Amino acid sequence: MEQSGKERRLKPRYNAELPCDVAPCDADLLFFNERLECRTRDLSETGVGVVAGSIYVGYTCVVDEGRTLLFRLELPSGAIEMEATAAHYLRLDAGGDEPSYLIGLRITSMSDEDRARYQRHLEELSRSEQD
């Protein structure tokens, strides 16, 4: 019997809807600072689930295998940045007028300061889910 996604996960995920954006690290974008605006769906120590209206920034597909992405997350305490890669994606809408995608990002690196702030936020989410 195959394990469900929740049983396979090594780190707990917490529901969170926060503003964020994604940009390819290695792409020649037409406009400097061109980014894909999105919102988080869930957060964990090792990954982030985001919902976006596209999988493209300009002509660059952010879900291409192995593509390094710069991910910026607006925590209540301020913005943090990290590098990530797309682990998976899924179109959520049923072919409606407004496309919607769930993109699973695997966190690959972040500064020690941003990691500490991110960890504090996850701890706050954990405490609020226990209440």
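Source: prediction; values computed, not measured. All values below were derived from every heavy atom in this structure, side-chain atoms included, with hydrogens, water molecules and symmetry-related copies excluded.
Side-chain atoms of L18 and E74, non-hydrogen and from C-beta on, never get closer than 4.5 Å to each other. The side-chain heavy atoms of R35 and V57, taken from C-beta on, include no pair separated by under 4.5 Å. Between T85 and R67, every side-chain heavy-atom pair lies at or beyond the 4.5 Å cut-off.
Expressed to the nearest 0.5 Å, how far CZ of F71 lies from SG of C25 amounts to 12.5 Å. Atom CZ of residue R91 and atom CD1 of residue I55 lie 9.0 Å apart, to the nearest 0.5 angstrom. To the nearest 0.5 Å, atoms OH (Y101) and NE2 (H88) are separated by 15.5 Å. One distance of note links OG of S128 with CG of N15; it measures 9.5 Å at 0.5 Å rounding. Between atom CG of residue D21 and atom CG of residue L69 there is a gap of 11.0 Å, rounded to the nearest 0.5 Å.
In the hydrophobic clustering of this structure, L102 does not group with V50; members are Ile, Leu, Val, Met, Phe, Trp, Tyr whose side-chain heavy atoms approach within less than 4.5 Å, directly or through other members. Taken together through direct or relayed side-chain contacts under 4.5 Å among Ile, Leu, Val, Met, Phe, Trp and Tyr, Y56 and V22 form part of one hydrophobic cluster. No path of Ile, Leu, Val, Met, Phe, Trp and Tyr side chains, each step under 4.5 Å between heavy atoms, connects V51 with Y89, placing them in separate hydrophobic clusters.
Summarising the local packing, OH of Y14 is surrounded by more than 12 heavy atoms from other residues, nucleotides or ligands at distances under 6.0 Å.
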Inset, instruction - Report the C-alpha separation of R72 and I80 in whole Å, then their side-chain angles, then the decisive distance to 0.1 Å, and conclude whether the side chain to side chain contact (heavy atoms under 4.5 Å, CB included) test is met. - result: CA-CA 6 Å; R72 184 170 49 198; I80 62 170; over 6 Å; no
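Across every non-hydrogen atom of S54 and L36, the tightest pair is O-CD2, 3.4 Å. The two residues I103 and A86 make their nearest non-hydrogen contact at CG2-CB, 4.5 Å. Of all non-hydrogen atoms in R13 and G49, the two that sit nearest each other are NH1-N, 4.0 Å. Looking at every heavy atom in both residues, H121 comes nearest to L43 through CD2-CD1, 3.8 Å. Considering all non-hydrogen atoms of both residues, D93 and S100 come closest at OD1-N, 2.9 Å.
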Scan the side chains in residues 104-119 for donor-acceptor partners under 3.5 Å anywhere in the protein, sequence neighbours excluded, and list what turns up.
unit_1: T108; atom_1: OG1; unit_2: E83; atom_2: O; d: 3.0
unit_1: S111; atom_1: OG; unit_2: D114; atom_2: N; d: 3.1
unit_1: D114; atom_1: OD2; unit_2: E81; atom_2: N; d: 3.0
unit_1: R117; atom_1: NH1; unit_2: A79; atom_2: O; d: 3.2
unit_1: R117; atom_1: NH2; unit_2: S77; atom_2: O; d: 3.1
unit_1: R117; atom_1: NH2; unit_2: S77; atom_2: OG; d: 3.3
unit_1: R117; atom_1: NH2; unit_2: G78; atom_2: O; d: 2.9
unit_1: Y118; atom_1: OH; unit_2: S44; atom_2: O; d: 2.7

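Among residues two or more places apart in sequence or in another chain, the salt bridge (Lys or Arg N to Asp or Glu O under 4.0 Å) test is passed with R41 by none.
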